[in-house]
K.L.:
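Supplied in structure tokens, the structure appears directly below.
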Amino acid sequence: MKNKVVIAGAAIVDILVSPAELDVFQTGSYPAETIHMSVGGDALNEATILSKLGVDVRLETVIGGDMAGEMLWNHCRQTGIEINTRCKRKEMDTGINVVLVKEDGERVFLTNPHGSLRKLSPGDIMLPFPEDAGILCFASIFVFPMINDAEMASIFRQAKSQGMTVCADMTKCKNGETAADIAESLKLIDYLMPNKEEAMLVTQSSSVEEAAKCLLDAGVQNVVIKCGADGCFVKNKECEMWITAEKDVVCVDTTGAGDSFAAGFIYGLHQGFSLEACAKYANQCGAKSVARIGAADWSFQNDN
């Protein structure tokens, strides 16, 4: 039975400051209530949550040969995430994001464009995938400038040839790209999970429903659009449905909420849930994420 999930994408360190308003730039010392360090990056967030849920996970990423990279390496080992030593790059700085979280839970990032965050290349993903791998999640489209449409499609095609389900998350397109620019890859995706803004931007659509139709027409088998407090919209050739968000959620920090949603959805697929049940569980994971500081910290809440 193919129980392993492979996650490909970024692994970084997050330094979260909460709350942080404009005053942070207008005074020599700013009294933040919380300054918190945690693991971050789309792929590592998803891998962490899935591993804490009991899933066998392999992470394909790159990290630097520095103190931050060692922290991420040790985290993977301690959390049970499979990771290969070839991901370490002595010459590379591990990505570190400073996340300024506002009172309403929304945030802005200070990032290092020269660090490992956007350095994943096709050669960094070990192929073929493990024989016991049943799901590949590419997290996320448009993060990695060294992986173009043809190269991403080649990775997906390898997964499909091994009988794997292909999932993908997305960030906002960086250079005005449209669905046509990733057309080859979209045709190979079983489950695509952009948020509302990302989906509408890449399809040049004016509504969630229109964006979902465009992505479906482009070849995606199942489109799952994250809509925050409005829940999510799911569409395939047979059905479409809105899945309402969890109620009475106090939003503290939206960092990694989309990654938690994706991890929850993948967990549902792994467990054989129905499409609707996958979406409902994904909403629950997203809600747990925004209720705490840190992207994946909520998944540790039952640890002793």
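If you're wondering where the values come from, they're calculated on a predicted model, not measured in any experiment. Every heavy atom of this structure was used, including side-chain atoms; hydrogens, water molecules and symmetry mates were not.
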K.L.:
For Ile7 and Glu60: C-alpha separation, side-chain torsions, deciding distance, then whether side chain to side chain contact (heavy atoms under 4.5 Å, CB included) applies.
P.N.:
CA-CA 6 Å; Ile7 308 288; Glu60 300 288 352; over 6 Å; no
K.L.:
Please report the closest heavy-atom contact between Cys137 and Glu46, naming both atoms and the distance.
P.N.:
SG-OE1, 3.3 Å
K.L.:
Do Asp14 and Ser38 meet the criterion of a side-chain donor-acceptor pair at a distance under 3.5 Å?
P.N.:
no
K.L.:
Arg89: which residues meet the side-chain contact (heavy atoms from CB on, under 4.5 Å) condition with it, sequence neighbours left out?
P.N.:
Val62, Glu91, Met92, Asp124
K.L.:
Please report the C-alpha distance between Thr165 and Asp190 in whole Å, then the side-chain angles of each, then the deciding distance to 0.1 Å, and finally whether the side-chain hydrogen bond (donor to acceptor under 3.5 Å, both in side chains) criterion is met.
P.N.:
CA-CA 6 Å; Thr165 298; Asp190 296 296; 4.8 Å; no
K.L.:
Taking all heavy atoms of Ile266 and all of Cys167, pick out the closest pair and write down the distance.
P.N.:
CG1-SG, 4.4 Å
K.L.:
Could you report the tightest heavy-atom contact between Ala10 and Asp42, atom names first, then the distance?
P.N.:
N-OD1, 2.9 Å
K.L.:
Using only heavy-atom distances, determine whether the side chains of Thr244 and Lys247 contain a donor-acceptor pair under 3.5 Å.
P.N.:
no
K.L.:
Got a list of side-chain donor-acceptor pairs under 3.5 Å for residues 223-235, not counting sequence neighbours?
P.N.:
from, atom 1, to, atom 2, distance (Å)
Lys226, NZ, Asp169, OD1, 3.0
Lys226, NZ, Asp169, OD2, 3.3
Lys226, NZ, Met193, O, 3.0
Lys235, NZ, Glu240, OE1, 2.7

K.L.:
Does the side chain of Ser260 reach to within under 4.5 Å of the side chain of Asn45, using non-hydrogen atoms?
P.N.:
no
K.L.:
Sorted by first residue and then second, give each salt bridge (charged side-chain N to carboxylate O under 4.0 Å, His left out) pair with at least one member in residues 282-297; sequence neighbours left out.
P.N.:
none
K.L.:
Is there any ring-ring contact (aromatic ring centres under 6.0 Å, His included) pair reaching into residues 66-118, and which pairs are they, with sequence neighbours excluded?
P.N.:
none
K.L.:
Roughly how far, to the nearest 0.5 Å, is CD1 of Ile96 from CD1 of Ile15?
P.N.:
6.5 Å
K.L.:
Would you say Leu188 and Val166 make side-chain contact, with heavy atoms under 4.5 Å?
P.N.:
no
K.L.:
Can you confirm whether the side chains of Asp56 and Asn3 place a donor and an acceptor under 3.5 Å from each other?
P.N.:
no
K.L.:
Look at the side chain of Thr79 and the backbone N and O of Cys76, then say whether any donor-acceptor pair between them is shorter than 3.5 Å.
P.N.:
no
K.L.:
Less than 4.5 Å apart, side chain to side chain, heavy atoms only: is that true for Val252 and Val290?
P.N.:
no
K.L.:
Decide yes or no on side chain to side chain contact (heavy atoms under 4.5 Å, CB included) for Met170 and Ile182, but give the supporting numbers first.
P.N.:
CA-CA 12 Å; Met170 184 181 288; Ile182 52 172; 4.3 Å; yes
K.L.:
So, using side-chain hydrogen bond (donor to acceptor under 3.5 Å, both in side chains) as the criterion, who are the partners of Lys280 when residues are at least two apart?
P.N.:
Glu276
K.L.:
From Ser161 OG over to Phe156 CZ, what is the distance, rounded to the nearest 0.5 angstrom?
P.N.:
13.5 Å
K.L.:
Kindly determine whether Thr34 and Leu16 satisfy side chain to side chain contact (heavy atoms under 4.5 Å, CB included), including the steps that lead there.
P.N.:
CA-CA 8 Å; Thr34 301; Leu16 301 110; over 6 Å; no
K.L.:
Could you tell me which non-hydrogen atom of Gly264 sits nearest to which non-hydrogen atom of Cys285, and how far apart they are?
P.N.:
CA-SG, 3.7 Å
K.L.:
Using a 3.5 Å distance criterion without hydrogens, assess whether the side chain of Asn84 forms a donor-acceptor pair with backbone atoms of Arg86.
P.N.:
yes
K.L.:
What closest approach, in Å, do Val6 and Ala133 show between heavy atoms, and which atom pair accounts for it?
P.N.:
CG2-CB, 3.8 Å
K.L.:
Between Leu59 and Glu82, is there a side-chain heavy-atom distance shorter than 4.5 Å?
P.N.:
no
K.L.:
Taking the side chain as every heavy atom from C-beta outward, state whether Asn236 and Leu275 have any pair of such atoms under 4.5 Å apart.
P.N.:
yes
K.L.:
Roughly how far, to the nearest 0.5 Å, is the CD1 atom of Ile63 from the CG atom of Leu120?
P.N.:
12.5 Å
K.L.:
Tell me, please, which residues at least two apart from Glu151 pass side-chain contact (heavy atoms from CB on, under 4.5 Å).
P.N.:
Pro122, Ile147, Asn148
K.L.:
From Leu72 CG over to Ser116 OG, what is the distance, rounded to the nearest 0.5 angstrom?
P.N.:
7.5 Å
K.L.:
Does one hydrophobic cluster hold both Ile83 and Leu127, with members joined at side-chain heavy-atom distances below 4.5 Å?
P.N.:
no
K.L.:
Can you list the residues that meet the salt bridge (charged side-chain N to carboxylate O under 4.0 Å, His left out) rule with Lys187, with sequence neighbours excluded?
P.N.:
none
K.L.:
Verify the neighbour count for atom CE of Met37: are there more than 12 heavy atoms of other residues, nucleotides or ligands below 6.0 Å?
P.N.:
no
K.L.:
Any chance you could lay out the side chain to side chain contact (heavy atoms under 4.5 Å, CB included) test for Val220 and Tyr191, step after step, and finish with the verdict?
P.N.:
CA-CA 7 Å; Val220 178; Tyr191 298 90; over 6 Å; no
K.L.:
Find the distance between SG (Cys278) and CG (Asn283) and round it off to the nearest 0.5 Å.
P.N.:
11.5 Å
K.L.:
Quick check: does any side chain N or O of Thr203 sit under 3.5 Å from a backbone N or O of Cys214, one acting as donor and the other as acceptor?
P.N.:
no
K.L.:
Applying salt bridge (charged side-chain N to carboxylate O under 4.0 Å, His left out), can you list everything that pairs with Asp66, at least two apart in sequence or on another chain?
P.N.:
none
K.L.:
Among pairs that include at least one residue of residues 196-211, which meet salt bridge (charged side-chain N to carboxylate O under 4.0 Å, His left out), considering only residues two or more places apart or in two chains?
P.N.:
Lys172-Glu197
K.L.:
What closest approach, in Å, do Ala20 and Lys102 show between heavy atoms, and which atom pair accounts for it?
P.N.:
O-CG, 3.6 Å
K.L.:
Applying salt bridge (charged side-chain N to carboxylate O under 4.0 Å, His left out), name anything that partners Arg77, two or more places apart in sequence or on another chain.
P.N.:
none
K.L.:
Around atom NZ of Lys174, are there more than 12 heavy atoms of other residues, nucleotides or ligands at under 6.0 Å?
P.N.:
yes
K.L.:
Considering only heavy atoms from C-beta outward, does the side chain of Val13 approach that of Met71 to under 4.5 Å?
P.N.:
yes
K.L.:
I'd like to know if the side chain of Ser205 reaches the main chain of Met200, judged simply by a donor and an acceptor atom lying under 3.5 Å from each other, with no hydrogens or angles considered.
P.N.:
no
K.L.:
Would you say the rings of Tyr281 and Phe265 are close, in the sense that their centroids are separated by under 6.0 Å?
P.N.:
no
K.L.:
Quick check: does any side chain N or O of Thr254 sit under 3.5 Å from a backbone N or O of Gly105, one acting as donor and the other as acceptor?
P.N.:
yes
K.L.:
Any side-chain heavy atom of Gln162 sitting closer than 4.5 Å to one from Glu131?
P.N.:
no
K.L.:
Cluster partners of Met146, using ILVMFWY side-chain heavy atoms under 4.5 angstrom, listed by chain and number?
P.N.:
none
K.L.:
Is any side-chain heavy atom of Ile189 closer than 4.5 Å to a side-chain heavy atom of Ile141?
P.N.:
yes
K.L.:
Working to the nearest 0.5 Å, report the span between CD1 of Ile81 and OG1 of Thr48.
P.N.:
4.0 Å
K.L.:
What residues form a salt bridge (charged side-chain N to carboxylate O under 4.0 Å, His left out) with Asp217, not counting sequence neighbours?
P.N.:
Lys213
K.L.:
Is there a donor-acceptor pair under 3.5 Å between the side chain of Asp181 and the backbone N or O of Glu177?
P.N.:
no
K.L.:
Does a donor on one side chain sit under 3.5 Å from an acceptor on the other, for Asn97 and Thr111?
P.N.:
no
